[in-house]
Structure formats: C-alpha cells, structure tokens
Amino acid sequence: MVAAIVFWGLAVVAVAAGVAVFVVDSMARATYALAVSFIAVGALIILLQQSYLGVITILMMVMEMAVMAVYMVMFMGMNPALMPMDMTHGKKTAIGASTGVFVLLASGALLIPWPERRGVPPEDLTNALGLEIMGEKMLVMAVVGPVMVATIVAGVVLAAGRTRYDRLGDDLRRRPADDPQPGGIGR
Amino acid sequence: MSLDAVLVVAAALFAVGLYGALSQQVVVMVMMGLELMVNGVLLAAAGFWWFMAPAPSGQVLLLVVLAAMTVEMAMGFAVATLLHRRRQTDMTDMAEDLSR
C-alpha cells in the first residue's frame, strides 16, 4: 500500500514536472522542472529495487541539467530566469502526435496480457550487475567505452572554434601558425 | 504498483517529450524533449526488467540506455555550440537547410 502511494506520488511529480518543462515561461525554470522529473524517475527506478541505476540516473541528470543551465546563459545572452518566452512552432501537430502516441502506448500497456514474472531477482542486485558487466556482458561495456570516446572526439571537433586547419592552412604547412594571439618562441 | 502502471507513466513521459521535441524552436529545449523521451524508455525498461524477468543481465540494457542519453546530450551540446558559432542562433528554424 505504502509502495503504491509512493509510486503514484512520484509518477505524478515526474509527469507534471515533464509537462512544466514546456509550460513555464523561462528556460531556467524549464531546466529545474526537467531536473525534478529526472529525480522522480530515478526514485521510481530505486522503488523498482534498482538502487544503483536509480542513483546513477539522478546524479547524471542533475549534472546534465546544471550544464544545460550554463549553456542557456551562454547562448541566450540574457538572464534566462527573468525572460519570459514562447518559442514554439507547429503546436497543434505536436499535441496531436504526442496524444496519439500516448493513447497507442498506454492502450498497449493496459490491453496486452503480460506474462507472469520469470525468475527471482538476486539478493544483492548491484553486486550481480557488477559481476554481469565484468563477466558475460563485458562486450556491451567494451562497446559503450569506445562509443563514449568517439562522442568526446566528435563533440570537440564540432564545438571547436578553431582547428589545426584554421591555424596551419589546408596543407598544415603554414608557419608561423595563424593565431589570434601571436606569441611563442621565435615569433 | 504493477507493470501496467509503470508503462502508462513511461508512455506519458515519452508523449510529453515528443511534444517538446516537435514543438520547440530552441535547440536546447528540443534536447530537453528528447531527454524526456529517453527518460520514459528508461522507466519502461526498468519496469519490464522488474516485473517480467529480473535476471541481472537485463540491467545492462538500462546502462546502455543511460549511455545513449549521455551521447545524445553531448552531441546536442556540441551541435548547439557549432550552430551558435556559425550562425549566431540557437533556433532550429534558422538551421532548416541542414535537413536537406
């Protein structure tokens, strides 16, 4: 009973905060709302006995929201908490599409006769997950690792304002390098 | 608390995120919509795991979803930075030509 009350409380918070992201009139408030939604979902995952993954979700998403807030201040060029805004397009289409998707998914969830649970969870789930990652499912993590590295490289390449081609020319032979701030030995 | 309930909540999160991803003009807000959608997928995966087959290997799928969220966010920030640097904008409408 208590678990059900906590579950529905968290569910309402998660969805309401998710809706608030696109209803509130400033980007800072939207970021906070999204962080609240993520925390509620992390708590729901903890409620489903996956403490490790729930805590990771909360920590990771709160940090992401902090980064997002910095980005908004950088790109919006204003105090986002004080600037009301409504920057939307195709609202009716979006509402129609999202309502249709919700009805489809929810009716599938409610109408499908889900099979009975197979197996029982291990006593220490976090320990079992660690053993799984370091054992049978190591290939998954071995793939995720390089994907993360590739993401870092791609992110830096995309976001970098000046690359070596800007400094040294297309053939990389320009000397001295064309830097906005000249300096260094012999220059 | 049942699988049905978890999936309905996950569907609601996914639908709200879809609305945001389709309706918002600011790149960062579009990313917020996408994050909410993946959030719903994460909750659904957690529910499926717990109520259908709580073997440890199933949790690895949730780690992969979390990694996908991270990659999406990092690449989104990089693209937002590039867009702002090249076109001094953070609106998707100003970058429509990229979809052609």
Side-chain angles (χ1 to χ4, degrees), chain A residues 3-4 7 11 14-15 18-19 21-22 30 34 37-38 41 44-45 48-50 53 56-57 60 64 68 71-72 75 87-91 93-95 97-99 101-102 105-106 109-110 114-115 117-122 128-129 132-133 136-137 140 144 147-148 151 154-155 158-159 161, chain B residues 1 3-26 28-29 31-33 35-36 39 42-43 46-47 49-57 59-60 62-64 66-67 69-71 73-75 77-82 84-85 90-91 93:
Chain A
F7 170 80
V15 177
V19 171
V21 171
F22 306 112
L34 190 58
S37 179
F38 278 125
V41 169
L44 282 172
I45 294 173
L48 292 167
Q49 308 296 319
Q50 294 155 85
L53 292 169
I56 282 186
T57 306
M60 202 175 87
E64 268 191 18
M68 200 172 253
Y71 262 71
M72 281 188 297
F75 292 152
M87 288 184 268
T88 54
H89 55 185
K91 255 185 171 178
T93 313
I95 289 173
S98 55
T99 307
V101 165
F102 174 72
L105 292 176
L110 295 172
W114 300 108
R117 188 193 220 190
R118 280 174 297 168
V120 288
L129 176 61
E132 202 69 27
I133 290 171
E136 208 179 315
K137 294 286 181 284
V140 177
V144 167
V147 168
M148 292 290 183
T151 304
L158 281 175
Chain B
M1 190 168 60
L3 178 59
D4 298 7
V6 174
L7 292 182
V8 168
V9 175
L13 285 170
F14 189 88
V16 172
L18 180 65
Y19 164 76
L22 292 178
S23 69
Q24 298 299 309
Q25 284 184 305
V26 180
V28 180
M29 293 295 284
M31 284 163 58
M32 286 188 182
E35 286 284 307
L36 265 177
N39 206 18
L42 188 69
L43 183 60
W49 179 83
W50 179 247
F51 288 105
M52 304 230 0
S57 58
Q59 280 188 299
V60 178
L62 271 81
L63 279 178
V64 173
L66 275 170
M69 278 174 118
T70 316
V71 170
M73 206 63 165
M75 295 315 296
F77 282 138
V79 170
T81 307
L82 180 66
H84 193 264
R85 199 188 294 285
D90 59 352
M91 312 276 277
D93 291 353

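In the text below, chain A, chain B and the rest are named by the order of the sequence lines, each starting its count at 1.
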Heavy-atom pairs under 4.5 Å with chain A - which of [options] has more of them than the others?
| options | result |
| --- | --- |
| B/L22, B/L82, B/T81, B/V64 | B/T81 |
| B/N39, B/V9, B/V8 | B/N39 |
| B/L66, B/V28, B/L43, B/L42 | B/L66 |
| B/S23, B/A15, B/A78 | B/S23 |
| B/M69, B/M75, B/M32, B/M73 | B/M32 |

Is it the backbone or the side chain of [X] that comes under 4.5 Å from a heavy atom of chain A, or both, or neither?
| X | answer |
| --- | --- |
| B/A10 | neither |
| B/L3 | side chain |
| B/F51 | both |
| B/A67 | both |

Hey, are the side chains of B/F14 and A/S98 touching, using non-hydrogen atoms and a 4.5 Å cut-off?
no
Does any part of the side chain of A/T99, heavy atoms only, come nearer than 4.5 Å to the side chain of B/Y19, both counted from C-beta?
no
Without swapping roles, check the side chain of B/R85 against the backbone of A/A159 for a donor-acceptor pair under 3.5 Å.
yes
Measure distances from A/V144 to the heavy atoms of chain B and classify the residue's part below 4.5 Å as side chain, backbone, both or neither.
side chain
So which part of A/M60 gets closer than 4.5 Å to some heavy atom of chain B, the side chain, the backbone, both or neither?
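A/M60 touches chain B through side-chain heavy atoms alone.
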Step by step, would you call B/Q24 with A/H89 a side-chain contact (heavy atoms from CB on, under 4.5 Å)?
CA-CA 6 Å; B/Q24 298 299 309; A/H89 55 185; over 6 Å; no
Gap between atom CG of B/L62 and atom CD of A/Q50 - 0.5 Å precision
5.5 Å
